[in-house]
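Note that the coordinates shown come from a computational prediction; the quantities given were computed from them, not determined experimentally. Chain letters run A, B, ... following the sequence lines, proteins first, then strands; residues in each count from 1.
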2 protein chains.
Amino acid sequence: MKNKKTTIHDIAEELDITASTVSRALKDHPRISDATKELVVKTADKLDYQPNHIAAALRKGKSNIIGVIIPMADRNFFASIIRGVEEVVNQAGYRVIISQSNDSPEKEKANIKALLESQVDGILASYAKETTEFSHYEEIVNQNVPLILFDRLHETLESLKVSSVVINDYLGAYKATEHLIEQGYKRIAHFSGQQHISIYKERRRGYEEALKRHNIPIDESLIVESNLKLEAGRELGKEVLSWDKLPDAIFSASDYGAVGAMEVLKNNGIRIPEDIGIVGFLNESFTSFVEPALTTIDQHGEKMGQISAQKFLDHMDGEKNNYAPSKTVLNPELIVRKSSLKEKK
Amino acid sequence: MKNKKTTIHDIAEELDITASTVSRALKDHPRISDATKELVVKTADKLDYQPNHIAAALRKGKSNIIGVIIPMADRNFFASIIRGVEEVVNQAGYRVIISQSNDSPEKEKANIKALLESQVDGILASYAKETTEFSHYEEIVNQNVPLILFDRLHETLESLKVSSVVINDYLGAYKATEHLIEQGYKRIAHFSGQQHISIYKERRRGYEEALKRHNIPIDESLIVESNLKLEAGRELGKEVLSWDKLPDAIFSASDYGAVGAMEVLKNNGIRIPEDIGIVGFLNESFTSFVEPALTTIDQHGEKMGQISAQKFLDHMDGEKNNYAPSKTVLNPELIVRKSSLKEKK
DNA sequence: TTTGTATGTGCAATCGATTGCGCAATTAAG
DNA sequence: CTTAATTGCGCAATCGATTGCACATACAAA
């Protein structure tokens with residue numbers, strides 16, 4: 001019922017030439033006459049020829065596929081990254097394979113293995129939170145497969161000398177905190193994340209530095225650590241309420257934590273931003289809808305994806321000559337909304 | 001500097017046997033002695049052997065890769081679907097290539113072509129809104145590549161006799177509307193989407209049917225059509241305010257439209273749910289955060305992805321014997337939140 | 001001992017496209 | 001009218017793994 005797929009050999013036979021010539025004609029090789037090219041193209045069309053990328057990939061040792069490893073796809077930020085990556089690499093003829101680690105080191109390891117076996121031409125990755133041992137990443141580098149890291153970075157990974165794209169978490173936190181200070185808040189609490197993850201460490205550093213610069217003493221009791229999920233935010237909200245003296249502002253290292261706390265605080269009669277100002281981090285889509293709209297830090301996910309992809313392409317171009325890994329640090333953007341506007345104009 | 005990758009031939013040479021035997025040993029072929037198998041595995045390990053899927057794919061005519069086409073990755077619902085698909089097919093040894101159409105028929109066409117050329121073993125797709133001509137989908141079927149449609153369906157596509165997974169939009173809308181009626185709302189407006197897209201047509205039908213069943217006359221002037229984006233919702237909010245007589249409830253076929261309108265209404269002193277009750281559709285993550293939290297319809301994206309993936313696997317299994325395409329209709333779930341709770345307990 | 005059935009491997013073709021090298025034929029240069 | 005350069009195309013190997021078929025040895029049944 002289904003006739004076999006047509007190959008360059010079928011075209012060759014039809015025209016009484018060889019497959020080599022067909023192959024060259026289709027690729028517009030200069031040593032093939034225009035007449036032949038035209039004939040080949042026409043016949044290919046007639047026979048519904050469809051190139052088999054797998055065969056080409058095998059022969060050329062290049063699959064034109066790249067792998068992207070993210071913790072999870074249904075998180076706005078990572079989804080935006082995928083979008084950005086796709087836009088750029090598709091243009092250059094690459095396809096994208098997505099793998100999710102779910103923040104599990106085992107899945108991450110398995111994913112990398114599978115991608116490598118699939119002969120991907122490169123891997124863009126954001127490592128799983130729980131990963132502490134990075135030999136599977138070394139393996140990528142050892143196999144000479146371009147590796148680009150985005151969003152999350154780790155000392156061990158940095159020593160791999162690969163390109164990376166991250167945002168300046170320190171600066172984002174600094175901007176956020178400074179904004180609160182400028183709005184007249186003084187007793188600013190900080191919802192922080194696990195300190196072994198650099199982004200959270202950096203955000204905390206930015207927070208502390210902003211306080212220092214403005215001569216506000218750092219009060220350790222105002223800094224609390226959690227996984228920063230929505231539920232954790234609610235817990236923290238309750239915790240804050242139990243404090244002897246309430247803070248007059250909160251800078252949360254994640255929007256979820258901020259929104260969770262906001263909910264609890266509001267339910268307990270605390271007015272935002274009058275009583276307590278709140279700033280989040282991530283610019284999740286919902287932050288503009290919550291009441292009051294949440295001031296936050298935008299990470300430019302799509303752009304991060306685009307730049308990561310571009311670095312990969314540069315790597316491929318520079319292969320022959322030389323390619324020096326580079327680290328790009330994006331500047332996050334403070335998005336001011338109602339939740340932190342104490343001063344009324 | 002980089003030693004060539006090791007192949008089964010290298011292993012064969014090392015052990016003075018042939019590549020055939022190595023290949024079989026690695027696949028645990030029954031005709032290979034345990035002794036040899038052990039030797040092969042050990043040597044493979046020693047030489048850091050890594051199978052080349054591309055070579056296997058070429059020979060076997062099976063890439064173990066499937067393509068997923070979605071309108072856009074940075075939409076919560078589609079991201080969830082990807083997550084669900086991945087979970088299921090990874091288990092079965094497949095990888096997933098994502099392509100986004102951005103709702104453009106041209107990109108969709110190009111994506112399908114590229115996926116086919118990549119020799120994917122199957123394609124799961126949600127077609128682009130603007131697509132009106134479906135020959136590229138027919139092409140998939142003609143090439144005997146399993147095609148599973150999810151979320152969006154179209155008459156022409158249904159005639160292709162492929163499997164599909166959709167939600168019962170009619171029922172979702174019916175539930176939403178009935179819920180409003182039960183809450184005591186009587187003058188219920190409907191924010192509808194483009195009627196040539198079946199999901200919007202179905203939602204409207206559900207809305208109308210619920211009214212009928214409850215003996216509420218359908219008032220065409222209460223039904224407005226838009227693209228249902230956030231901005232459109234704001235516009236509609238304004239439009240509603242200009243009506244002679246305000247509705248006492250709104251059922252929006254999309255959360256964005258609902259939230260946009262809610263914002264405008266609130267800003268104009270309208271109380272929700274006291275003055276106007278609102279129900280959305282999609283259960284976007286932000287709906288639980290907005291003030292008041294939005295009652296909406298959940299579409300079970302992850303489950304939809306899982307089922308689609310399972311259908312694909314079934315298709316592959318049934319290939320030899322027989323495979324009958326099936327259509328699964330998921331029942332959406334009404335998530336009741338504050339925005340529609342007129343009755344106070 | 002003879003015939004028969006497992007058991008363990010090797011041979012060689014194959015999947016489809018690519019590419020270095022070689023050889024004619026055509027054209028340009030001297 | 002040679003010699004040299006250019007143009008156009010075919011030959012055959014190659015990428016790495018898979019697999020139908022053949023073949024030899026071993027062991028069992030008769």
Quick one: are B:D314 and B:Q310 in side-chain contact, heavy atoms under 4.5 Å?
yes

For B:I54, which contact category applies under a 4.0 Å heavy-atom criterion: base, sugar-phosphate, or nothing?
nothing

Among B:V166, B:V165, B:L149, which one satisfies side chain to side chain contact (heavy atoms under 4.5 Å, CB included) with B:K327?
B:V166

Against A:V145, only a single residue in A:I140, A:I66, A:D121 fulfils side chain to side chain contact (heavy atoms under 4.5 Å, CB included); can you say which?
A:I140

In whole angstroms, the gap separating P of C:dG16 from NZ of A:K5 amounts to 8 Å

Between atom CD in B:E117 and atom P in C:dC15, what is the gap in whole Å?
20 Å

Select base, sugar-phosphate, or nothing to describe what A:S20 touches, counting heavy atoms under 4.0 Å on all strands.
base

Check the phosphate of D:dC9 against A:T21, side-chain N and O only, distance under 4.0 Å to OP1 or OP2. Yes or no?
no

OP1 or OP2 of D:dA17 less than 4.0 angstrom from a side-chain nitrogen or oxygen of B:S23, does that happen here?
no

First of A:I8 and A:R24 reached from the 5' end of DNA chain C, by closest nucleotide:
A:I8

Rounding to a whole Å, what distance do you find between B:N52:CG and C:dG16:P?
17 Å

Students often get this wrong, so: under 4.0 angstrom with heavy atoms, is A:H9 touching a base, only sugar-phosphate, or nothing?
base

Between CZ of A:R59 and P of C:dA17 the distance, given in whole Å, is 13 Å

Give the rounded distance in Å between these two atoms: CZ of A:R31 and C1' of C:dG22.
11 Å

Taken to the nearest whole Å, CG/A:L58 to C1'/C:dC15 is 9 Å

For D:dC9 and A:T36 - does any side-chain N or O of the residue sit under 4.0 Å from the phosphate oxygens OP1/OP2?
yes

Here the distance between atom C1' of D:dA17 and atom CD of A:Q119, to the nearest Å, is 11 Å

Taking the six-membered ring for Trp, are B:Y94 and B:F312 parallel (under 30°), tilted (30 to 60°) or perpendicular (over 60°)?
perpendicular

Take the protein atom OH of B:Y49 and the nucleotide atom P of D:dG16, then report the distance between them rounded to whole Å.
10 Å

Both B:D34 and B:A55 contact DNA chain C. Taking the nearest nucleotide for each, which residue is further toward the 5' end?
B:D34

Kindly say if B:S33 contacts the phosphate of C:dT9, meaning a side-chain N or O under 4.0 Å from OP1 or OP2.
yes

Geometric class of the B:F134/B:Y137 ring pair [parallel <30°, tilted 30-60°, perpendicular >60°]:
tilted

